[in-house]
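Since the structure comes first, as structure tokens, the remarks are kept for the end.
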Amino acid sequence: MNQIYMDYACTSFPKPECVIRAMTDYMTRIGSNVSRSSYGSAYEAEEIVYEARALLCELFHGPDPRNVIFTKNITESLNVLIKGLLEPGDHALVSAMEHNAVMRPLNQIARELPAGVSPETESEITYTRIPCDGQGFLQADQMQKLILPNTRAVILTTASNVSGTLTPIEAVGAFCRKNGLLLIVDTAQTAGAMAIDMEKRGIDALAFTGHKGLLGPQGTGGFIVSDALARRMAPLLTGGTGSFSHLETVPAILPDRFEAGTMNLPGIAGLGAALRFLKDRGTEAILAHERGLTQLFLDAIKPLADGNAFHIAGPDNACDRAAVVSLAMHGMDPSQAAFRLEQEYGILTRAGLHCAPSAHKCLGTFPTGTIRFSFGWATTEDEVIKAAEALRVICEKHR
Amino acid sequence: MKCVITFFNHFGAVRYKREAGRFGWKVQLSPVPRALSSSCGTCVFCDSGADDPLKYMTDEMEQIALEEENGYPILWRAEES
């Protein structure tokens, strides 16, 4: 049975051919480390890494390629940013739709404060959730009254990995600028398909993953941060950087400050190729493709939703969401639905809480969770129609 | 003018090589001569022709030394910070 992959929110598959070629080329022909030795193949590897930084800087309109820091994934990036930027006495705002990649590092160092409550001491880090409605939309008009004198940052996803609901980053950026707050964004679900302009949107730090919408391999990711902010941040990981080797202290210079040790060079080679692929294809074209598929799926399953087979979590329209559709099944375990879709139709989805319990609580789908379909660059209209039809058969058999 | 440029990190050396090429300068990445000390082990040997090598400067540059038969006299050095 042919597989129909519909789990792009988890990781993108397949990857463009050029990604595999770039990784194989690096591993078979180049192989050298960077920032260490000084010979031809090392320089060639350096050029590959530089090019990837430059493409990411261009994609996100960051300050400079040196401000693009590579990590192994966006979870690591968010850990570096959250733990590096927030200090004792700080307060942060997060949305009620955040992924555990934000919430777990935050809960490691901070305590949640209900709205309207002040911290008990000046030495703790605290945070408050900005409410979101039943479709996952941020209630941005609530933000002003949640600010405390010690509020320092707003940390938000650009789109929910559960419902796809988009965050109004432009409005939040303006709010942060007006109130002197840092804006840190998690772009896991939108990078590659939706334009994210750091400068225009007032984003101070941006975390990205290489293996979802950017179409690179797993084990790649990073963040982009200004010079000023970087100077204030303590790195999570320190060690050899191939620079200032006469010193045993962490260098201030970027990107070295946050890139101790050897990076995932085959991965970065693949990511660079993926970024060139995306640039050639155009973000708008990818967005149009994914949006079209999402709307096609929403339209195709609407009769089933109207017939009470399930509830569609999140916005009604594709233009208000990333290419992610979660269904709260009625009378059927979402895991069972996912299992049957794979066993009987070869359709691959993800069921459960998607590492985002807060989002599910917001959407009213906690603790059962949902079955999630997510589409990408290689998904076809035919596959979407087949998935909708498979869902119809499964739901009818279950009645 | 022939010179050797050292940098605070490898990123700076690679960036310089990419950008200085726009002026038509001959730029070659190389291990740093032991007579020069540097924060990072890769430098750039640059022939800027009739241009002054100070025409293109970056934050990552550590020092510019002239390439002469008897050594590398320093033309410019970044301020200590």
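Treat the numbers as computed from the prediction; the structure is a model and nothing was measured. Chain A is the first sequence line, chain B the second, and so forth, proteins listed ahead of strands; every chain is numbered from 1.
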Next on the checklist: If you count heavy-atom pairs within less than 4.5 Å of chain A, which of B/Ser30, B/Cys43, B/Ala13 leads?
Outcome noted: B/Ser30
Next on the checklist: Under 4.5 Å from any heavy atom of chain B, what part of A/Pro251 do you find: side chain, backbone, both or neither?
Outcome noted: neither
Next on the checklist: Given B/Glu19, which partner from the list B/Arg15, B/Arg22, B/Lys17 fulfils the salt bridge (charged side-chain N to carboxylate O under 4.0 Å, His left out) test?
Outcome noted: B/Arg22
Item to check | Contact check, side chains of B/Trp76 and B/Leu54, non-hydrogen atoms, under 4.5 Å | outcome: yes
Checklist entry - Where does A/Glu51 contact chain B at under 4.5 Å (heavy atoms): side chain, backbone, both or neither? => result both
Checklist entry - Is chain B contacted by the side chain of A/Arg53, its backbone, both, or neither, given a heavy-atom distance below 4.5 Å? => result side chain
Checklist entry - Do A/Arg201 and A/Asp197 sit within salt-bridge range, that is, some charged N less than 4.0 Å from a carboxylate O? => result no
Checklist entry - Are B/Trp25 and B/Asp51 linked by a side-chain donor-acceptor pair shorter than 3.5 Å? => result yes
Checklist outcome for this item: Bottom line for A/Ser37: the part with an atom under 4.5 Å from chain B's heavy atoms is backbone
Item to check | Validation row, ring centre A/Phe258 to ring centre A/Phe70 under 6.0 Å | outcome: no
Item to check | Partner chain B: residue of A/Asp64, A/Leu254, A/Leu247 with the largest heavy-atom pair count (under 4.5 Å) | outcome: A/Asp64
